[in-house]
Amino acid sequence: MSGLTVGVLGTGIMGAAMARNLVKAGHAVHVWNRSPDKAAPLEKDGAHLAASPADAVSEADVVLTMLYDGDAVADVMRQAAPGLQAGASWVQSTTASLGAVAELARFAGEQGVVFFDAPVLGTRQPAEAGQLTVLAAGPTEHRIAVEPVFQAVGARTVWTGEDGSAGSSTRLKLVANSWVLAATHGIGEALALAKGLGVDPEDFFGLISGGPLDMGYLRAKGDAILQGRLSPASFAVVTAEKDARLIVDAGRDHGVRLDVAEAGAERFRRAAELGHGDEDMAASYYASF
């Protein structure tokens, strides 16, 4: 399939990049955002600006939601409901709680649309390059309808199950994010300690260079911190805090205590309180001072 009509609800860092790549792939893209100024720049890229969520989805073969959290998705999709086409596919890419995923899937069933639990791995740069990893769960017989969308926004699709309501993709996303957030805090704390102890960060990088403790993510985030290049954010502090709390809650609901993730959520909160909420999540560094 090609030449789909796609309604994109949410055009923040990730949603805007995904919408642009859908346009580049030849799809008709209708975009809506609660703050219209975030959607307006997409018009010059070839997207159609919608006045409301219902307008954005009124002709859509596929609806893509990339909003802040599950509550935001539920609210926007209730507004979109009058325009939803029976039999359309809904790609739900917002990182939400497992309970929210189940509720959204139930709502999809009520509206006669096919639900795909489809969060993505990646931040601003891979989103802009169309190199995200899509984690997807949904019925095999309907996957042909959404595969062109996944191909436009991602380099790889990992199918995790047949039933989107079970949240198998969201579960995997939360596990992956728990590692990313822990690594981010580890980098920030190591560099903060180096500053506090008067250690040259380059001595630290040289010490671990080429060994099992070295990694590209450390170099990228470490350089961003040291060079003060935290804006525009690849993944903002406030969103990282939200995801950290989703991870903690999911663990607690399943009998798992996540002390590092819980402490990490608090570090993000402090960084935001200090004025770094819209900066890249590597600004967790500033929570040490």
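In what follows, every heavy atom counts, from backbone to side chain, and hydrogens, waters and symmetry copies are set aside.
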Test item: Asp280 side-chain N/O and Ser234 main-chain N/O as donor-acceptor pair under 3.5 Å:
yes

Applying side chain to side chain donor-acceptor pair (under 3.5 Å), can you list everything that pairs with Glu59, at least two apart in sequence or on another chain?
none

Look at the side chain of Arg156 and the backbone N and O of Leu135, then say whether any donor-acceptor pair between them is shorter than 3.5 Å.
no

What residues form a side chain to side chain donor-acceptor pair (under 3.5 Å) with Ser209, not counting sequence neighbours?
none

With a 4.5 Å heavy-atom cut-off, do Phe116 and Gln92 have their side chains touching?
no

Looking at Val73, Leu64, Val114, which one forms a side-chain contact (heavy atoms from CB on, under 4.5 Å) with Trp90?
Val73

Considering only residues two or more places apart or on different chains, which pairs with a residue in residues 39-58 satisfy salt bridge (Lys or Arg N to Asp or Glu O under 4.0 Å)?
Arg20-Asp45

Quick one: list whatever passes side chain to side chain donor-acceptor pair (under 3.5 Å) with Gln79, sequence neighbours left out.
Asp75

So does Ile187 get a backbone contact from the side chain of Glu189, meaning a donor-acceptor N/O pair under 3.5 Å?
no

Under the 6.0 Å and 45° cation-pi test, does Lys221 pair with Tyr285?
no

When you check the gap from the basic side-chain N to the acidic O, do Asp243 and Arg245 get nearer than 4.0 Å?
no

What residues form a side-chain contact (heavy atoms from CB on, under 4.5 Å) with Ala283, not counting sequence neighbours?
Leu230, Val237, His276, Glu279, Tyr286

Those residues that, when tested against His185, pass side chain to side chain donor-acceptor pair (under 3.5 Å) (two or more places apart)
Ser284

Tell me whether Arg270 is salt-bridged to Glu273, with the criterion being a basic N under 4.0 Å from an acidic carboxylate O.
no

Applying salt bridge (Lys or Arg N to Asp or Glu O under 4.0 Å), which residue pairs with at least one partner in residues 169-188 are found, sequence neighbours left out?
none

Given side chain to side chain contact (heavy atoms under 4.5 Å, CB included), test Arg219 with Asp214 step by step and report yes or no.
CA-CA 8 Å; Arg219 302 288 178 157; Asp214 199 0; 3.0 Å; yes

Ring pair (Phe, Tyr, Trp, His ring centres under 6.0 Å) with Phe235: which residues, sequence neighbours excluded?
none

Is the backbone N or O of Pro36 less than 3.5 Å from a side-chain atom of Asn33, with the two atoms forming a donor-acceptor pair by type?
no

Test side-chain contact (heavy atoms from CB on, under 4.5 Å) applied to Ala28 - qualifying residues, sequence neighbours left out
Thr5

What heavy-atom pair brings Val101 and Gly164 nearest, and what distance separates the two atoms?
CG1-O, 3.5 Å

Does anything in residues 114-131 form a salt bridge (Lys or Arg N to Asp or Glu O under 4.0 Å)? List the pairs, not counting sequence neighbours.
Arg124-Glu128

Side chain of His27, backbone of Leu22: donor and acceptor closer than 3.5 Å?
no

Side chains of Val91 and Thr65, heavy atoms from C-beta outward: is any pair under 4.5 Å?
no

Please check this pair: side chain of Thr157 against backbone of Phe150, looking for a donor-acceptor N/O pair closer than 3.5 Å.
no

Is there a side-chain contact between Phe205 and Asp200, using heavy atoms and a 4.5 Å cut-off?
no

Test: salt bridge (Lys or Arg N to Asp or Glu O under 4.0 Å). Region: residues 100-115. Which pairs qualify, not counting sequence neighbours?
Glu103-Arg106, Arg106-Glu110

Between Leu49 and His30, is any pair of side-chain heavy atoms under 4.5 Å apart?
no

Do Thr239 and Glu241 have side-chain atoms, one donor and one acceptor, less than 3.5 Å apart?
no

Distance-only, no hydrogens or angles: does the Ser35 side chain make a donor-acceptor pair with backbone N or O of Lys38 under 3.5 Å?
no

Is the side chain of Ser89 donor-acceptor paired with the backbone N or O of Val62 at a distance under 3.5 Å, no angle test?
no

Hey, could you give me each pair passing side chain to side chain donor-acceptor pair (under 3.5 Å) that has a residue in residues 130-151? Not counting sequence neighbours.
Thr140-Glu162

